[in-house]
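Below: one structure, written as structure tokens.
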Protein chains: 2
Amino acid sequence: MSSGDRLPARLADVAEAAGVSTATVSRVLGGSPHKVSAATRELVEKTAARLGYRVNPIARALRSSLTRSVGMVVPSIRNPFFTELVEEVEHALSAHDLNLFLSDSRGSVELEAKRLRSMSSGTVDGILLVPCHAERSAPAMAAAVAQVPVVQLDREVPSLRIPWVGVEDRSGIRDVMAHLHERGVRSIAHVTSTESSLSAAVRTQEVIAEAARLGITLRPEHLIDGSFSIAEGHGAAELLLRSGEVPDAVVCTDDLLALGVVAGLQAGGRSVPGDVLVTGFDDIELASMMLPSLTTVRQPMELIAAEAVRLLTQGRDATRSGARITIPGTLQVRQTTQPRA
Amino acid sequence: MSSGDRLPARLADVAEAAGVSTATVSRVLGGSPHKVSAATRELVEKTAARLGYRVNPIARALRSSLTRSVGMVVPSIRNPFFTELVEEVEHALSAHDLNLFLSDSRGSVELEAKRLRSMSSGTVDGILLVPCHAERSAPAMAAAVAQVPVVQLDREVPSLRIPWVGVEDRSGIRDVMAHLHERGVRSIAHVTSTESSLSAAVRTQEVIAEAARLGITLRPEHLIDGSFSIAEGHGAAELLLRSGEVPDAVVCTDDLLALGVVAGLQAGGRSVPGDVLVTGFDDIELASMMLPSLTTVRQPMELIAAEAVRLLTQGRDATRSGARITIPGTLQVRQTTQPRA
DNA sequence: TTGTAAGCGTTATCAG
DNA sequence: CTGATAACGCTTACAA
């Protein structure tokens, strides 16, 4: 049934065709530090090209126990922040000639554990993980890290000594609050998702602290805690409108929530920023494309991805260090916090 | 990135501990059809569990030339339509216990070729590809398909006999046009990206044909052809507004363009749907979350993903067949085409 | 500088 | 039903 496609050339075929040993071919083509004369090298390269030879990465991996690929597990690839992070990671890996094995844990600790198990049994040289739960992700991670280097991104499981790379949450929030204060905001609501992520919890902490420090009112019933999604933000806005007293601004711990809040406020007949200011966090692509465009804190995803990949490629020592690399975000002031005319 | 702590148990270790041969262990644990006595089977399973044995997928792949993973290459993982498609593919693969190798070609034929080359040299059992160009993607695809089964998703390279799964473009557009006609629309503009995708070209063809058939005006300068992005849609709306004569509706070949068009029209002081109706195509998550929510054609991505995976897993025969599987989309009527009060 | 040969951890083909 | 044993394609001591 298989038509005229010939089986791909193996290392041995190249060796035979070139009249040298397999060892020599391997040394030339595998980029080994071993010395090979210029003439032989050229001969080998020529014949390899002529035969259309390509290494069998599986065989290479079995022999060298190096796969040249890394795994990445995120809670939801559909969340634009993670999508953009994955994209940056892919680019960073390309530079090192590494492939990406992507998995979505769908926010499930069990599924995450399964993915980690499958990856840590030799398919990848390292794992980049955005844990889906701050405590319950720990056991599977501990098991994985015994087999292969692991680096956490964005979200952190504090009970483990696994390196982490993420944004400086507190300073980002401080910038937001200072900006709102400057805009004359006297009262805020806060929409967050402390359950999903430790980062969100830290941000919320900081929102509360800064509100107190700046004399901005944050009523307990105006602190709304759910999950990260547009729908959640939409619901939060409805709640707010029903509460009767609508604050001057709504501070959200991520852009999806902020998008939902803006839509919800508009649906309720309020103008943003005319009646209420809104801020987000992350700076996903949509934040600058939406109307009104969203004031938010830009997470430098390129940097986060690059640092994570660097940690991973620098090997066990680096990933053993328990390093915590925090990278500052930058406030992007846009239309949702324009001063009222 | 070096090896782990305790060396993991190998097949041979299990065999030794259980006092049987490696062949027997392999037969039990590898799910081979070969008969093994119930007693031996249980013994092996017990010892394997006790030693925490897990197969080495690399060794297995080398021996059996089956990796239990498939590669997927999309033009941009950031495009929500592809993101959602990837997610569905991941789910479909999970059901078959297959892993996903994801790559982003960033719309570059060269990068795409590189990805295909790397994947087709043994790292995956099959490739799901959304080609980034209707002609220039062909050479690399032809080379890949000689090594490994390939299935095209969404976009198609017609010059190759490679199976394809996608939505029924023409009927989707006919539904949109019929709906607009019913709404009393007499003139439209059309925003598309025929360069990116044959599907878009087909949709555009159908828009023109249906406009003619239904007596709806589509002025040549109101046919705007660019790339698939929110920014592009935004620009198209500005162009439209500057043209002086704003049509009754704007038909877009994807949701991103439609999102941009809505934002652009609003920025220019027009109301959607008050002054202008807008339609999209795809039904990405945002389409129903945005305000006003977007009337669009829902692509059944779960089905598309499932069919593609089915073709791939059914092996060479299926992927040699040159099958073209088209799946009907369904019109989702939402706020952007509400009748003017 | 080059070659020989021993594995890497499985699966599959034989005999028994 | 079970067990030796030879591959799979490559890297890397060790020899020459």
Side-chain angles (χ1 to χ4, degrees), chain A residues 6-45 47-48 51-69 118 120-123 125 147, chain B residues 2-4 6-45 47-48 51-69 118 120-123 125 147-148:
Chain A
R6 45 177 150 340
L7 343 141
R10 298 156 309 155
L11 191 63
D13 299 328
V14 178
E16 193 184 21
V20 298
S21 74
T22 59
T24 302
V25 177
S26 171
R27 293 197 265 254
V28 173
L29 267 26
S32 131
H34 201 107
K35 294 286 179 224
V36 173
S37 80
T40 322
R41 159 160 277 124
E42 205 188 319
L43 172 63
V44 169
E45 275 161 352
T47 26
L51 300 185
Y53 171 76
R54 273 144 53 195
V55 283
N56 179 327
I58 303 292
R60 191 207 281 271
L62 178 59
R63 183 58 236 237
S64 61
S65 53
L66 237 61
T67 61
R68 300 216 61 77
S69 64
S118 129
S120 57
S121 64
T123 27
D125 298 337
Q147 307 295 330
Chain B
S2 56
S3 47
R6 235 191 262 83
L7 336 138
R10 298 157 307 155
L11 191 62
D13 299 328
V14 178
E16 193 184 20
V20 298
S21 74
T22 59
T24 302
V25 178
S26 171
R27 293 198 266 254
V28 173
L29 268 25
S32 134
H34 199 106
K35 296 285 179 220
V36 174
S37 79
T40 324
R41 160 160 278 125
E42 205 189 320
L43 172 64
V44 169
E45 274 162 352
T47 27
L51 300 186
Y53 171 76
R54 274 146 51 196
V55 283
N56 179 327
I58 302 293
R60 191 207 281 270
L62 177 60
R63 182 58 238 235
S64 63
S65 52
L66 238 61
T67 61
R68 299 216 62 77
S69 63
S118 130
S120 58
S121 63
T123 27
D125 298 337
Q147 307 294 330
V148 69

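Chain naming here is simple, since letters A, B, ... match the order of the sequence lines and numbering starts at 1 in each.
- Note that CD of A/E16 and CG of A/L51 are 10.0 Å apart. Values are rounded to the nearest 0.5 Å.
- Between the P atom of C/dT10 and the CZ atom of B/R54 lies a distance of 12 Å, rounded to the nearest Å.
- When distances run from any side-chain atom of A/S21 to the nucleotides C/dT1, C/dT4, D/dT2, the shortest one goes to C/dT4.
- Checked against D/dA4, C/dA5, D/dC10, the side chain of B/A23 finds its nearest nucleotide in D/dA4.
- In this entry the distance linking CG of B/D13 with P of C/dG9 reads 9 Å, nearest Å.
- A heavy-atom distance below 4.5 Å is found between the side chains of B/I58 and A/I58.
- Rounding to whole angstrom units, NZ of residue B/K35 and P of D/dT2 are separated by 12 Å.
- The 5' end of DNA chain C is approached more closely, in terms of each residue's nearest nucleotide, by A/T22 than by the other of B/G30 and A/T22.
- Look at CG on B/N56: it is 18 Å from P on D/dC8, rounded to the nearest Å.
- Within the nucleic acid shown, B/T24 comes within 4.0 Å of sugar-phosphate atoms alone, with no base atom in reach, counting heavy atoms only.
- In this model, a donor atom of one side chain and an acceptor atom of the other lie less than 3.5 Å apart for A/R54 and B/S120.
- Of the two residues near DNA chain D, B/L62 and B/A38, the one whose nearest nucleotide lies more 5' is B/A38.
- The side chain of A/A59 sits closest to D/dC10 out of D/dC10, D/dC8, D/dC1.
- Enclosure of atom CD in B/E45 by more than 12 non-hydrogen atoms of other residues, nucleotides or ligands within 6.0 angstrom is indicated.
- The side chain of B/S64 places no N or O atom within less than 4.0 Å of a non-bridging phosphate oxygen (OP1 or OP2) of C/dA12.
- If you check D/dC1, C/dT10, D/dC10 against the side chain of A/R63, the one that comes closest is D/dC10.
- Comparing atom distances between the A/V36 side chain and each of D/dC10, C/dT2, C/dA5 picks out C/dT2 as nearest.
- The side chain of B/S26 sits closest to C/dT11 out of C/dG3, D/dC10, C/dT11.
- Here D/dA13 is the nucleotide among C/dG9, D/dA13, D/dG9 with the atom lying nearest to any side-chain atom of A/R27.
- A donor and an acceptor atom never sit less than 3.5 Å apart when one is taken from the side chain of B/H34 and the other from the base of C/dT13.
- Side chain of B/S26 to backbone of B/T22: no donor-acceptor contact under 3.5 angstrom is found.
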